[in-house]
Amino acid sequence: MQKNKESNMKLWYRRPAKQWVEALPIGNGRFGGMVFGNVSEERIQLNEDSIWYGGSKDAVNPDGLKYLPEIRKMLFDGQLEKAAYLARMAMYSTPKYYNPYQPLCDIKMYFTGLEGEPEDYIRELDLDSGVVGIRYRMNNVQYSREIFSSYPDQVMVIQMKCDAPGTLNFCVNLNRRPYEGESRVPSADCVVMNGECGKDGVEFSCALKAIAKDGRVKTIGDTIFVEDASEVTLLLAANSTFREKKPQEACMNQINSAAAKCLAELKQRHMEDYRSLFHRIQLTLSESDDGFNFPTDERLERVKNGGEDAGLMEMFFHYGRYLMIASSRPGCLPANLQGIWNESFTPPWESKYTININTQMNYWPAEVCGLAECHEPLFDFVDRLRTDGRKTAKKLYGCRGFVAHHNANIWAETRPEGLPLTAVMWPMGGAWLSLHLWEHYAFTLDKDFLAKKAYPILKEAAEFFVDYLVEAPDGRFVTGPSISPENSFYLPNGSKGAICMGPSMDTQILNELFTACIKSSEILEIDVEFRDKLAVIMERLPKPQIGKYGQILEWYEEYEEVDPGHRHISHLFALHPGSQITPEGTPELAAAAYKTLQRRLENGGGHTGWSCAWIINMFARLGNGESAYAYVLNLLRKSTYPNLFDAHPPFQIDGNFGAAAGIIEMLLQSHAGKIHLLPALPKAWAKGKVCGLRARGGFQVDMNWEAGELTEVVIVSIQGGPCKICSKIPLKVLCGNEEVLMNIKNENSFEFDTQSGKRYRLIMKA
Ligand code: FUC
């Protein structure tokens, strides 16, 4: 099949979804749905990002501070088991777990007058417009539905049509088994479901209104009944007391203002808004497109059966961007473990914010894909974390600044949450998240953002560690009690340990955090004293160490891992997403990082979706395109559901985002102080094109390549300033027709000065 623009922009199926992971997600960042596409009994499972069970709690362990010195002493004395035993009682929160993210409700539609089997059934998600469509023919009548969730109008729209007058007959209602609230019928074309989420939890409202072009609409009980119509629009709104004092009123306002617009206008406004973000990137990795002839589930099956499909990889990448636009927009909560899509009242890991990798991974593609706006909910969330994080810092550790552990919830709470010894006692979640604001600065050079938003957060994150770090017997400053997420080790006596002092990842995060603070304070020309203090501490942080297998050590001591194939590869933070280890800058450590990866993988690592996605990124950073590609393939083969949701398993959205980021990391990198073009291009993507990528330093980058070699690069400078490039091929730089002077550093590294807003064309030297 000849490839056309649309080829890899549609997920399409010949059947309705049987299971939830076949249904198609829509969302406006806040209000989402999973569309099943059933013909006679349609279900759309709904979510709103603020519907969580329960309220905020003050649950930091009141005995923590008292026992902290004793626990640290035990750890330094090698009494690790005793320390863990005590920490679980003294430091873990009271009570232990956060409450879960909840489904909003289901919308159910029951159609009548549809006898027989549908013909030419198609269900699709068009990534180019952000609209789900369902089409089929029955009794010679053509039926269609279009469904989208609009950000500008804050409503979900379901439009139904048929091409024979009066053949659209259905009734529709809202339900929430088994946690039904109450039904309301505010008018003859509208029903409302209200509910609450337990003591101190949010109250919410979901409203549904039908507008028929012809035929009749009325309510019977709490159901809307539509008769003899040929075109009907359903408008849905949902709100909770998290944002609105009167959720039902807010719903009615949104529905009424949407109803005042015609459907074409609603759709147009949705598409314009969606496309303003989605159209920022183009990517082509495949030349022909045979795969598109197959419905997406069959196409994926072909890959699972050993096929390779660069077009499906392209689609998977675009789907990652789609999911980000659908689950994280300004004003919303950040994407949780499932983005916004969750059908269970007891979702896996409560569908929280797990901040020892998962939430961070969700945002890896944001900046590089030009979706900085979608990153905003995370910035706001980190800002909110400070309020509770200050209390936790003070109460549990007696320190200034703010701290967050490995999980957070809607209330932006920060205590050591849960029970597993391998995960809970980890004070680095806030520090890692703060680095996301630094990344935004690195990509945009937005000094105002740095001054007003990023630096105050980075500084407060660092302040905590100034007070918190302790001196180890060898004079180094270490964290602890802490863990290396979420691995454990064997102690010399054969028993298992996890809680320890100074795990490698902590130091690597601190290295990155302190560096960001020092650079920020230099750029902003403030806080000289604080900057100097951090520099002094940094000198005494442990450096990455190489162990007996040639690997990067995961802990301060060289322990044997209980699970050498563990899914977390935390001690390679310095390779990715950090930048302390690079093949060029630290070749020995890069070689050790490679060994570390190999050892994990030889022992079964990379088996969850997100772990596999992280490995793509790490191999890309090591410049190993073939291995990175192998794990893109692996992810599709082993960790992807028919609707292309990531299968941890079960569904967890981080793998989708991590893979989208990984695919780009193979094409463009900019973490090491220069732009690296095609750093890890695999043979399978020998010819391709990408437009609209962002690079650190304030650049936009377009590239074409053929036979595995760059053919043309266009760089637009957003802020001006020096542009440093790393390329294996000699290039010359043109601005208009003028050749720009380059400063050649070595054979594959050069630099030229740019002016803001100017376009630079890099072409191969003959
Ligand atoms: C961490 C991971 C698990 C899962 C959970 C939400 O605990 O180790 O694999 O992703 O977060």
Side-chain angles (χ1 to χ4, degrees), residues 21 52 92-93 96-101 323 327 334-342 344 346-364 378 404-410 413-429 432-433 482-489 496 498-499 503 505-506 509 554 561-573 577 600-601 603-618 631 634-635 638-641 645-659 661-662:
V21 287
W52 288 61
Y92 282 29
S93 67
K96 301 290 172 263
Y97 283 93
Y98 294 143
N99 299 137
Y101 176 54
L323 291 173
S327 66
N336 65 41
L337 284 174
Q338 299 186 186
I340 48 170
W341 300 280
N342 163 40
S344 169
T346 55
W349 294 286
E350 291 80 34
S351 200
K352 288 175 294 218
Y353 300 104
T354 299
I355 54 176
N356 66 11
I357 175 69
N358 316 86
T359 304
Q360 287 88 344
M361 183 177 285
N362 284 359
Y363 289 92
W364 287 350
L378 188 70
H405 292 80
H406 93 298
N407 271 328
N409 59 2
I410 180 176
E413 290 178 334
T414 55
R415 55 190 177 264
E417 188 258 15
L419 276 169
L421 283 176
T422 53
V424 174
M425 206 60 250
W426 188 69
M428 307 306 298
W432 187 351
L433 283 175
S482 187
I483 46 95
S484 180
E486 300 182 15
N487 208 355
S488 47
F489 47 78
K496 290 179 196 165
I499 295 186
M505 183 191 224
D506 293 11
I509 293 175
E554 183 161 1
E561 303 102 321
V562 170
D563 178 3
H566 200 272
R567 61 194 180 284
H568 286 262
I569 316 180
S570 307
H571 45 321
L572 293 196
F573 175 92
R600 274 292 206 265
L601 297 173
N603 288 285
H607 48 276
T608 68
W610 65 258
S611 177
C612 188
W614 200 356
I615 289 162
I616 300 170
N617 287 276
M618 288 180 177
Y631 281 87
N634 217 27
L635 191 85
K638 297 192 183 143
S639 301
T640 304
Y641 289 117
F645 265 177
D646 169 60
H648 178 288
F651 164 53
Q652 205 169 282
I653 205 157
D654 40 22
N656 287 101
F657 293 133

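Along the sequence shown, the residues carry numbers beginning at 1. One-based numbering, in listed order, for ligands and for the atoms of each.
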N/O separation below 3.5 Å, [X] to ligand 1:
| X | value |
| --- | --- |
| N356 | no |
| T354 | no |
| H568 | yes |

**Message:** List ligand 1 atoms under 4.0 Å from R567, heavy atoms only on the residue side.
**Reply:** 2 (C), 3 (C), 8 (O), 9 (O)

**Item:** Sub-4.0 Å atoms of ligand 1 with respect to non-hydrogen atoms of L337
**Value:**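 Answer for ligand 1: 6 (C).
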
**Prompt:** Which residue owns the protein heavy atom closest to atom 1 (C) of ligand 1, what's the atom, and how far is it?
**Reply:** E486 OE2, 2.8 Å

**Asked** Can you tell me which residue and heavy atom of the protein come closest to atom 9 (O) of ligand 1, and the distance to 0.1 Å?
**Response** H648 NE2, 2.6 Å

Using a 4.5 Å cut-off on heavy atoms from C-beta on, say whether the side chain of [Y] contacts that of [X].
| X | Y | result |
| --- | --- | --- |
| S344 | Y101 | no |
| T354 | L337 | yes |
| Y353 | Y98 | no |
| W349 | H648 | yes |

**Prompt:** In terms of ring plane angle, is the pair F573 and W432 parallel, tilted or perpendicular, where the classes change at 30° and 60°?
**Reply:**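 If you compare the ring of F573 with that of W432, the planes turn out perpendicular.
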
**ligand 1-proximal atoms of D654, by part, heavy-atom distance under 4.0 Å** =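 Neither; nothing of D654 gets under 4.0 Å from ligand 1.
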
**Message:** What I want to find out is whether E413 reaches K352 closely enough, with some N-O distance under 4.0 Å, to be called a salt bridge.
**Reply:**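 Answer for the salt bridge query: no.
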
